Amino acid sequence: QVQLVESGGGSVQAGGSLRLSCVVSGDPYSANCMGWFRQAPGKEREGVAAIWGGGGYTIYADSVKGRFTISQDNGKNTVYLQMNDLKPEDTAMYYCAQAPDGGRWERLAAHEYTDWGQGTQVTVSS
């Protein structure tokens, strides 16, 4: 069993930055993909970014490309999401998730992920 705990959310003005952290503990998959997702009120959960291959591969949603960066520190068992130039439309609950890796699959699809954290709120004001 794996535990995922997010932190780093908060309230910022448009153009500001936040760094989210996700600490992974327990028994993660030996080969996994870690993803960040977000869900705004009344909207479906959407994939923001994912990282796999020991951190060698990343993918981003078009809406955050060039502004968000996903990374991981294997020594600290932590996955990060650096968010720059934040916009009001980035306001949402942000979740960290784990999926077993292998083969070709849609890495920003929430239904592919098996383990989820509780989320951290990000609010961006204009």
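Note that the structure is a prediction, hence the values are computed from the model and not measured. Heavy atoms only: backbone and side chains are in, while hydrogens, waters and symmetry mates are out.
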Between Thr78 and Asp73: side-chain donor-acceptor atoms closer than 3.5 Å | no
Set of side-chain hydrogen bond (donor to acceptor under 3.5 Å, both in side chains) partners for Asp27, sequence neighbours left out | none
Any residue meeting side-chain contact (heavy atoms from CB on, under 4.5 Å) with Glu89, in chain and number order, not counting sequence neighbours = Lys87
Is atom CD of Gln118 surrounded by more than 12 heavy atoms (other residues, nucleotides or ligands) closer than 6.0 Å?
-> no
Interatomic distance, Gln121 atom CD to Ser11 atom OG [nearest 0.5 angstrom] | 7.5 Å
Measuring from Met83:CE to Phe68:CZ, what's the distance to the nearest 0.5 Å?
-> 5.0 Å
With no hydrogens and no angle check, is any side-chain donor or acceptor of Gln72 less than 3.5 Å from a backbone partner on Asn74?
-> no
Can you check whether Val124's main-chain N or O pairs, donor with acceptor, with Thr91's side chain at less than 3.5 Å?
-> yes
Please answer whether the main-chain N or O of Ser7 pairs with a side-chain N or O of Thr120 as donor and acceptor at a distance below 3.5 Å.
-> no
Where do Glu6 and Ser21 land on the side chain to side chain contact (heavy atoms under 4.5 Å, CB included) test, with the steps shown first?
-> CA-CA 5 Å; Glu6 304 96 333; Ser21 299; over 6 Å; no
Val48 versus Leu81: any side-chain heavy-atom pair under 4.5 Å?
-> yes
Quick one: pull up OG in Ser17 and CD in Gln82 and give me the separation to the nearest 0.5 Å.
-> 6.0 Å
Give every donor-acceptor pair under 3.5 Å between a side-chain atom in residues 92-103 and any protein atom, sequence neighbours left out.
unit_1 : atom_1 : unit_2 : atom_2 : d
Tyr94  : OH     : Arg38  : NH1    : 2.9
Tyr94  : OH     : Asp90  : O      : 2.7
Gln98  : OE1    : Tyr29  : N      : 2.8
Gln98  : OE1    : Asn32  : ND2    : 3.2
Gln98  : NE2    : Asp115 : OD2    : 2.9
Asp101 : OD1    : Trp105 : NE1    : 3.1
Asp101 : OD1    : Arg107 : NH1    : 2.6
Asp101 : OD1    : Arg107 : NH2    : 3.1

Measure across Gly47 and Ala61 and return the closest heavy-atom pair with its distance rounded to 0.1 Å.
-> O-CB, 3.4 Å
Tyr80 with Ile70, same ILVMFWY side-chain cluster at under 4.5 Å = no
Could you walk me through whether Tyr57 and Ile51 pass side chain to side chain contact (heavy atoms under 4.5 Å, CB included), step by step?
-> CA-CA 6 Å; Tyr57 301 94; Ile51 187 167; over 6 Å; no
